[in-house]
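Proteins come first, then strands; the chains are lettered A, B, ... in the order of their sequence lines, and each starts at number 1. Note that these values count all heavy atoms, side chains included, but never hydrogens, waters or copies made by symmetry.
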Amino acid sequence: MAERIPVAWPGKPLSRAFFNRPATTLAPRLLNKVLASADGRAGRIVEVEAYAGAIDPAAHTYRGKTPRNAVMFGPPGHMYVYFTYGMHWCANCVSGPEGSGCGVLIRALEPLQGLAQMRAARPRIANDRDLCRGPARLTQAMAINGAQNGIDLVTSLDGFAIVDDGMAPPRNVVGGPRIGISVGKDHPWRWSVPGSRYVSGTAAQRG
DNA sequence: ATTGGGATAATCT
DNA sequence: GATTATCCCAATT
């Protein structure tokens with residue numbers, strides 16, 4: 001049996017049960033949790049989007065299971081990492097119930113630890129605010145790519161976990177429209193920490 | 001705040 | 001074979 005490698009931020013890794021909720025329920029609850037790696041990096045989740053499978057034309061899983069999206073149809077708590085726009089990786093955590101093809105896209109982090117490693121991974125970025133401000137930026141900063149597709153965030157055997165360090169999600173968050181999609185724009189399934197400087201998008205998109 | 005270039009895999013016709 | 005994609009960056013206004 002492999003040994004669990006502690007991640008960089010103190011707290012309790014989220015359980016399988018925590019992830020086993022519908023994406024639209026899980027997403028706002030992930031705000032203020034911490035995505036952490038075993039190699040010393042950590043960032044607080046400040047922005048997320050839910051993708052709701054068969055009922056959501058913007059979801060990769062809308063048209064059923066394919067080799068690319070297979071992880072999303074698996075157990076909750078695993079990470080679905082996909083490549084897009086010819087150059088970018090984005091990371092989701094699979095939500096429940098298993099088989100529903102639903103997940104939550106992590107869109108932005110407030111960098112907490114491993115800043116030097118993040119800067120090294122994104123050498124052109126002058127401002128630490130922009131290290132993890134965007135779904136493809138945070139994967140670069142955290143060193144997430146296709147090699148992490150399908151890893152289990154609950155056991156954290158593959159070096160990543162989402163931990164609860166005691167900070168509650170913001171109260172009274174409201175969902176807004178998702179970003180970067182061409183269909184399903186009517187669903188208000190994007191949530192962020194109000195007032196956070198580390199949320200992605202333009203001022204208009206942030207509200 | 002807005003533009004346009006960048007570069008590729010998966011999926012659809 | 002064509003299209004589009006859960007975007008980023010640098011350069012402009």
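Contact check, A/Arg124 against C/dA10: a side-chain N or O comes under 4.0 Å of OP1 or OP2. Taking only side-chain nitrogens and oxygens, A/Arg63 never comes nearer than 4.0 Å to OP1 or OP2 of B/dA10. Residue A/Ser182 places at least one side-chain N or O under 4.0 Å from the OP1 or OP2 atom of C/dA5. Side-chain N/O atoms of A/Arg68 include none lying less than 4.0 angstrom from OP1 or OP2 on C/dA5.
Atom OH in A/Tyr82 sits roughly 16 Å away from atom C1' in B/dA7 (whole-Å rounding). We find that CD of A/Gln140 is positioned 10 Å from C1' of C/dC9, with the value rounded to whole Å. We find that NZ of A/Lys185 is positioned 13 Å from C1' of C/dA5, with the value rounded to whole Å. Between A/Leu131 atom CG and C/dC8 atom P there is a gap of 13 Å when expressed in whole angstrom units. A/Ile125 has its CD1 atom 16 Å from the P atom of C/dC7, to the nearest Å. Straight-line distance from the CG atom of A/Asp130 to the C1' atom of C/dC9: 11 Å, rounded to whole Å. Taking atom CG on A/Asn69 and atom C1' on C/dT4, their separation rounds to 16 Å, with Å as the unit.
Taking the side chain of A/Arg122 as heavy atoms from C-beta on, and the options B/dT8, C/dC9, B/dT11, the nearest nucleotide is C/dC9. For A/Arg137, the side-chain atoms get nearest to C/dC8 when compared with the rest of B/dA10, B/dA9, C/dC8.
The distance from the CD1 atom of A/Ile45 to the OG atom of A/Ser196 is 12.0 Å, given to the nearest 0.5 Å. The CH2 atom of A/Trp89 lies 9.0 Å from the OG1 atom of A/Thr139; values are rounded to the nearest 0.5 Å.
Contact check on A/Asp128 versus A/Arg133 returns no salt bridge, with no Lys/Arg side-chain nitrogen under 4.0 Å from an Asp/Glu carboxylate oxygen. Ion pairing between a basic and an acidic side chain is recognised when a charged N comes within 4.0 Å of a carboxylate O; A/Arg178 and A/Glu49 show no such pairing.
Of the candidates A/Leu153, A/Val154, A/Val163, A/Leu30, A/Leu14 forms a side chain to side chain contact (heavy atoms under 4.5 Å, CB included) with just one, namely A/Leu30. Checking A/Ile151, A/Ile162, A/Val71, A/Asp158 one by one against A/Met79, the side chain to side chain contact (heavy atoms under 4.5 Å, CB included) holds for a single residue, A/Ile151.
Judged by a 6.0 Å distance limit and a 45° cone about the ring axis, A/Arg16 is not positioned over the six-membered ring of A/Phe19.
With a 6.0 Å radius and a threshold of 12 heavy atoms from other residues, nucleotides or ligands, A/Arg44 has its CZ atom above the threshold.
Within residues 145-152 of chain A, no residue has a heavy atom under 4.0 Å from DNA chain C. Within residues 84-109 of chain A, the residues that have a heavy atom under 4.0 Å from DNA chain B are, in order of number, A/Tyr85, A/Gly86, A/Met87, A/His88.
Put simply, A/Ile181 and A/Trp191 are part of two different groups of oily side chains (I, L, V, M, F, W, Y) that touch within less than 4.5 Å, one to the next.
Within the 4.0 angstrom heavy-atom criterion, base atoms lie near A/Ala59.
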Pairs under 3.5 Å (Watson-Crick or G-U), crossing ones as [ ], inter-strand ones as |: DNA chain B comes out as ||||||.|||||.
